> 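Dumping the structure here so I can ask a few things about it.
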Amino acid sequence: MALVTTTEMFKKAYDGGYAIGAFNVNNMEIVQGITEAAGELKSPVILQVSKGARAYANHTYLVKMVEAAVAENPDIPIALHLDHGDSFEICKSCIDGGFTSVMIDASSKSFEDNIALTKQVVEYAHAHGAVVEAELGTLAGVEDEVVVEAGQESYTRPEEVEEFVDRTGCDSLAIAIGTSHGAYKFTADQCTRNENGILVPPPLRFDVLQGCIDKLPGFPIVLHGSSSVPQDFVKMVNEFGGEMPDAIGIPEEQLREAAKLAVCKINIDSDIRLAMTGYIRKYLAENPSHFDPRQYLKPARQAVKDMVSHKILNVLGSNGKA
């Protein structure tokens with residue numbers, strides 16, 4: 001099976017009440033861990049590449065690694081997606097370079113400027129067999145080169161989404177309902193403590209999501225900044241030399257509920273990075289004489305695979321949907 005677009009994936013996900021996992025990839029071990037999990041669980045999957053990943057690993061290397069993953073997993077649909085493209089030029093470069101899907105993130109611009117840039121990308125993408133994700137509303141947090149200070153985020157306005165989609169022709173829409181980029185999604189002041197003293201983040205704005213669904217029935221919605229930041233991995237990182245105080249993510253049960261509605265794509269990256277880093281730190285602390293990267297990247301790759309398997313089974317519900 002060759003790389004596919006997300007069109008058929010999203011149609012099946014919308015009708016079936018589940019979501020497709022979109023995971024950012026930077027190196028071979030991450031690509032292998034994600035696609036091995038998806039392959040074993042018969043789940044469609046989206047491999048995402050950010051502007052920062054292209055700068056780090058090189059466009060050609062990333063595409064060839066993904067092509068290798070497609071060859072090794074011929075029975076599952078795999079899409080290659082640009083995450084947070086910020087210009088027509090980077091979107092065009094990715095489309096020309098083999099990506100089947102691109103995101104143009106003009107959410108920081110005015111409504112009219114967002115429409116104009118998104119429409120430009122859509123016209124080029126559709127003419128070349130690719131699809132486009134756009135964004136309305138802005139998420140707080142840090143992800144690669146995307147930086148929005150807390151307090152500067154803005155929820156998506158449901159009354160704008162129908163006009164935006166009609167005028168741009170985009171294929172899916174990322175909205176802001178309270179998720180946040182990175183592992184440090186919320187400050188302690190934004191959270192409450194439960195009876196066990198654990199910080200609990202504010203709930204997602206399902207009213208905003210429902211408002212968007214009402215305006216765009218049948219249209220695929222995307223959630224960015226949806227890592228859950230598992231506390232056992234935060235503890236592991238801290239135990240073996242890290243410093244991650246109050247790293248708080250999105251509760252998985254809320255993401256699963258969103259997946260049962262119109263959310264067809266959920267972006268998850270901090271969780272797999274956290275798992276990978278935790279296991280590398282643990283391995284090196286317990287094996288101080290080891291220096292071969294294969295020794296510590298092998299358990300790290302397995303940690304990625306285990307994390308993706310958990311997300312497919314317990315958050316996305318996409319197992320068996322290939």
Side-chain angles (χ1 to χ4, degrees), residues 1-16 18-51 53-54 57-85 88-104 121-134 169-172 174 220 222 264-269 272 301 304-305 308-309 311-312 316-322:
M1 183 184 293
L3 283 167
V4 301
T5 70
T6 55
T7 302
E8 189 65 18
M9 282 186 188
F10 288 169
K11 183 179 185 306
K12 290 180 178 179
Y14 195 105
D15 293 341
Y18 61 91
I20 312 298
F23 303 93
N24 284 64
V25 299
N26 305 284
N27 61 23
M28 182 185 75
E29 288 77 15
I30 292 176
V31 172
Q32 289 176 324
I34 293 168
T35 54
E36 286 177 12
E40 290 180 8
L41 293 173
K42 305 300 181 188
S43 171
V45 69
I46 300 167
L47 301 180
Q48 298 194 148
V49 172
S50 66
K51 181 179 179 181
R54 289 178 88 226
N58 181 287
H59 175 102
T60 303
Y61 280 103
L62 289 165
V63 170
K64 294 304 180 184
M65 284 192 292
V66 171
E67 288 176 351
V70 171
E72 290 293 313
N73 298 275
D75 298 326
I76 63 169
I78 299 176
L80 177 56
H81 175 73
L82 169 67
D83 189 27
H84 286 291
F88 172 79
E89 289 73 23
I90 190 172
C91 291
K92 179 180 183 299
S93 175
C94 288
I95 293 166
D96 293 345
F99 284 49
T100 56
S101 175
V102 295
M103 178 191 186
I104 178 63
V121 172
V122 167
E123 289 174 348
Y124 188 85
H126 287 181
H128 292 80
V131 295
V132 177
E133 174 189 327
C170 65
D171 302 282
S172 60
V222 175
C264 298
K265 173 176 178 273
I266 295 180
N267 287 23
I268 303 167
D269 59 346
I272 61 175
R301 179 175 58 192
V304 171
K305 181 178 178 179
V308 173
S309 295
K311 296 295 182 180
I312 288 172
L316 302 165
S318 59
N319 49 300
K321 308 300 185 183

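These figures come from a predicted structure and were not determined experimentally.
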> Using every non-hydrogen atom in the two residues, find where A69 and V31 come nearest and quote the distance to one decimal.
CB-CG1, 3.8 Å
> Could you check whether any side-chain N or O of N319 sits under 3.5 Å from a backbone N or O of S43, counting only pairs where one atom can act as donor and the other as acceptor?
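No; zero donor-acceptor contacts below 3.5 Å.
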> What's the shortest heavy-atom distance between L316 and F23, and which atoms?
CD1-CZ, 4.3 Å
> With rounding to the nearest 0.5 Å, note down the distance linking CE in M9 to CD1 in I76.
8.0 Å
> Show, in sequence, the C-alpha distance, side-chain angles and deciding distance for Q48 and N267, and conclude whether the side-chain contact (heavy atoms from CB on, under 4.5 Å) test is met.
CA-CA 9 Å; Q48 298 194 148; N267 287 23; 3.3 Å; yes
> Kindly give the heavy-atom pair with the smallest separation between V49 and A53, and that separation in Å.
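Heavy atoms only, the tightest pair is CG1-CB, 4.0 Å.
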> Rounded to the nearest 0.5 Å, what separation is found between the NZ atom of K64 and the CG atom of N58?
11.5 Å
> Hey, is K265 close enough to E133 for a salt bridge, meaning N to O under 4.0 Å?
yes
> So which heavy atom on G129 is nearest to which on T5, and how close?
O-CG2, 3.5 Å
> Flag the pair Y18 / K12 as yes when at least one side-chain heavy-atom distance between them is below 4.5 Å, and no otherwise.
yes
> I'd like to know if the side chain of H59 reaches the main chain of G97, judged simply by a donor and an acceptor atom lying under 3.5 Å from each other, with no hydrogens or angles considered.
yes
> What's the spacing between E36 CD and L41 CG if we round to 0.5 Å?
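E36 atom CD to L41 atom CG measures 11.5 Å (nearest 0.5 Å).
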> CZ of R301 to CD1 of I272: how many Å apart, nearest 0.5 Å?
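Here the rounded value is 14.0 Å.
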> Could you walk me through whether V66 and F99 pass the side-chain contact (heavy atoms from CB on, under 4.5 Å) test, one step at a time?
CA-CA 10 Å; V66 171; F99 284 49; over 6 Å; no
> Do I90 and K51 make a side-chain contact, defined as non-hydrogen atoms from C-beta onward lying under 4.5 Å apart?
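Contact flag for I90/K51 side chains = yes.
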> Work out which heavy atom in P77 is nearest to a heavy atom in A322; give both atom names and the distance.
CD-CB, 3.7 Å
> For the residue pair P44 and K321, establish whether any side-chain heavy-atom pair is separated by less than 4.5 Å.
yes
> Let me confirm one number: the NZ-CG distance from K42 to D75, rounded to the nearest 0.5 Å.
5.0 Å
> Knowing that exactly one of I95, V131, L3, D171 qualifies, which makes a side chain to side chain contact (heavy atoms under 4.5 Å, CB included) with S101?
V131
> Find out whether I20 and T6 are in side-chain contact, i.e. whether some heavy atom of one side chain is under 4.5 Å from a heavy atom of the other.
no
> Does the S93 side chain pair with the main chain of E89, one donor and one acceptor, at a distance under 3.5 Å?
no
> Mark yes or no for whether T100, through its side chain, and V4, through its backbone, hold a donor-acceptor pair below 3.5 Å.
yes
> Can you tell me how far the CD1 atom of I34 sits from the CD1 atom of I46, to the nearest 0.5 Å?
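Interatomic distance, I34 CD1 to I46 CD1, rounded to 0.5 Å: 11.5 Å.
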> Picking from V308, I78, I30, what satisfies side chain to side chain contact (heavy atoms under 4.5 Å, CB included) with T35?
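Output: one option passes, namely I78.
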> Answer whether the closest heavy-atom distance between the side chains of V222 and M103 falls below 4.5 Å.
no
> I want to check something: taking the side chain as every heavy atom from C-beta on, are T7 and K11 in contact at a cut-off of under 4.5 Å?
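T7 does not reach K11 side chain to side chain.
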> Would you say the side chain of F10 lies within less than 4.5 Å of the side chain of S172, judging by non-hydrogen atoms?
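Yes, close enough: below the 4.5 Å cut-off.
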